[in-house]
Amino acid sequence: MKKLSRDFYNRDTITVAQELLGKYLVHKVDGEELAGKIVEVEAYKGPLDKAAHSYNNRRTSRNEVMYGEAGYAYVFIIYGMYDCMNVVTTEKERPEAVLIRALEPVKGIDKMAANRFGKELTELNKREYKNLTNGPGKLGKAMKITRALNGEDLLGDRLYITEGHVEKLEIVTSKRIGIDYAEEAIDFPWRFYIKDNKFVSKI
DNA sequence: CTACGGATTTTCT
DNA sequence: GAAAATCCGTAGT
């Protein structure tokens, strides 16, 4: 399927976040594709967003990628253990991004089972299957997306996002998750997910 | 199914 | 030195 263009990413962050739902995130590992449908995202709008790493234009070696061109991956470690992937949006020097919060496994699911639990796909119980990719840290582990991919060009051939299938999506809007420190930004309605999808992290 | 507390280490102050 | 865009196991409903 067709890769999303630079122009897709180089737009308003909320729009990109909403339109990423239903698209396919692909990571090629050892010549094999791992892929998942994007079912949950959150927008982080830089300077005016206390929940964002780039709040008040804070610029560090960690978040430098957010200041670059749209269509690159921003991968960071959270709580010392988990890799989270974002898609950089808008033009240069405008540090905004979309966090990929959950995927529905599509391709290479057996590899995801191995990456997540060190088990065969058939050995997973119901809870483990559901937990393959239903959270930002979980999908990072399942898809083998690590800090090494920070700054990766999403128009390249290793990590990219493609058009989805034609389907009608019902999108739910809500507050973001895990940002209790962010004061007024706690209530910003910048989380979007596909209604009734089983791999959404939290209703 | 939900709720709670602990784990663990990078990052910034 | 403290906080952090989270996850997991266990216990309970």
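Convention: sequence-line order gives letters A, B, ...; per-chain numbering from 1.
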> So if I take every side-chain heavy atom of Tyr181(A) and compare against dA4(C), dC7(C), dC12(B), which nucleotide ends up nearest?
dA4(C)
> Using whole Å, report how far CZ of Arg147(A) lies from P of dT10(B).
7 Å
> Give a yes-or-no answer on whether the side chains of Glu104(A) and Thr133(A) include a donor-acceptor pair shorter than 3.5 Å.
no
> How many angstroms lie between NZ in Lys198(A) and CG in Asn134(A), if you round to the nearest 0.5 Å?
13.0 Å
> Please figure out whether Gly80(A) or Ile203(A) has its closest DNA chain B nucleotide nearer the 5' end.
Ile203(A)
> Quick check, are the ring centers of His165(A) and Tyr24(A) under 6.0 angstrom apart?
yes
> Which of these nucleotides, dC7(C), dA5(C), dC12(B), is closest to any side-chain atom of Lys138(A)?
dC7(C)
> To the nearest 0.5 Å, how far apart are CZ in Arg191(A) and OG1 in Thr173(A)?
10.0 Å
> Taking atom NZ of Lys37(A) as the centre, report whether more than 12 heavy atoms of other residues, nucleotides or ligands fall under 6.0 Å from it.
yes
> State whether the aromatic ring of Tyr44(A) stacks on the base of dA5(C), taking stacking to mean ring centres under 5.5 Å apart and ring planes under 30° to each other.
yes
> So, Glu183(A) and Tyr181(A): side-chain donor and acceptor under 3.5 Å apart, yes or no?
no
> Rounding to an integer number of Å, can you tell me how far Asp83(A) CG sits from dT11(B) P?
10 Å
> Can you tell me the distance, in whole Å, between the CD atom of Glu183(A) and the C1' atom of dA4(C)?
15 Å
> Can you check the Asn86(A) CG to dA4(C) C1' distance for me, whole Å?
14 Å
> Determine, for Phe199(A) and Arg101(A), whether the Lys NZ or Arg CZ falls below 6.0 Å from the six-membered ring centre while staying within 45 degrees of the axis.
no
> Side-chain N or O of Arg101(A) versus OP1/OP2 of dT6(C): is the shortest distance under 4.0 Å?
yes
> From CZ of Arg62(A) over to P of dT11(B), roughly how many Å is that when rounded to an integer?
7 Å
> Return the pairing partner of dT6(C) with a 3.5 Å limit on both distances, Watson-Crick or G-U wobble; otherwise return none.
dA7(B)
> Measure from the side-chain heavy atoms of Tyr82(A) and tell me the nearest of dT6(C), dA5(C), dC12(B).
dT6(C)
> Roughly how many Å is it from CD1 in Ile177(A) to P in dA3(B), rounded to a whole number?
13 Å
> Using the benzene-type ring in the case of Trp, are the ring centres of Tyr72(A) and Tyr74(A) under 6.0 Å apart?
no
> With a 4.0 Å cut-off on heavy atoms, is Arg58(A) in touch with a base, just the backbone sugar-phosphate, or nothing at all?
sugar-phosphate
> Taking the nucleotide of DNA chain C with the nearest heavy atom to each, does His53(A) or Lys141(A) sit closer to the 5' end?
His53(A)
> Expressed as a whole number of angstroms, how long is the span from Phe76(A):CZ to dT6(C):C1'?
10 Å
> Looking at residues 112-129 of chain A, who's got a heavy atom less than 4.0 Å off DNA chain C?
Arg116(A), Arg127(A)
> What contact category does Ile78(A) fall into here, base, sugar-phosphate, or nothing, at under 4.0 angstrom with non-hydrogen atoms?
sugar-phosphate
> Taking CG from Asn63(A) and P from dA5(C), how many angstroms apart are they, rounded to a whole number?
12 Å
> Does dT2(B) pair with anything, Watson-Crick or G-U wobble, both distances under 3.5 Å, and if so, with which nucleotide?
dA11(C)
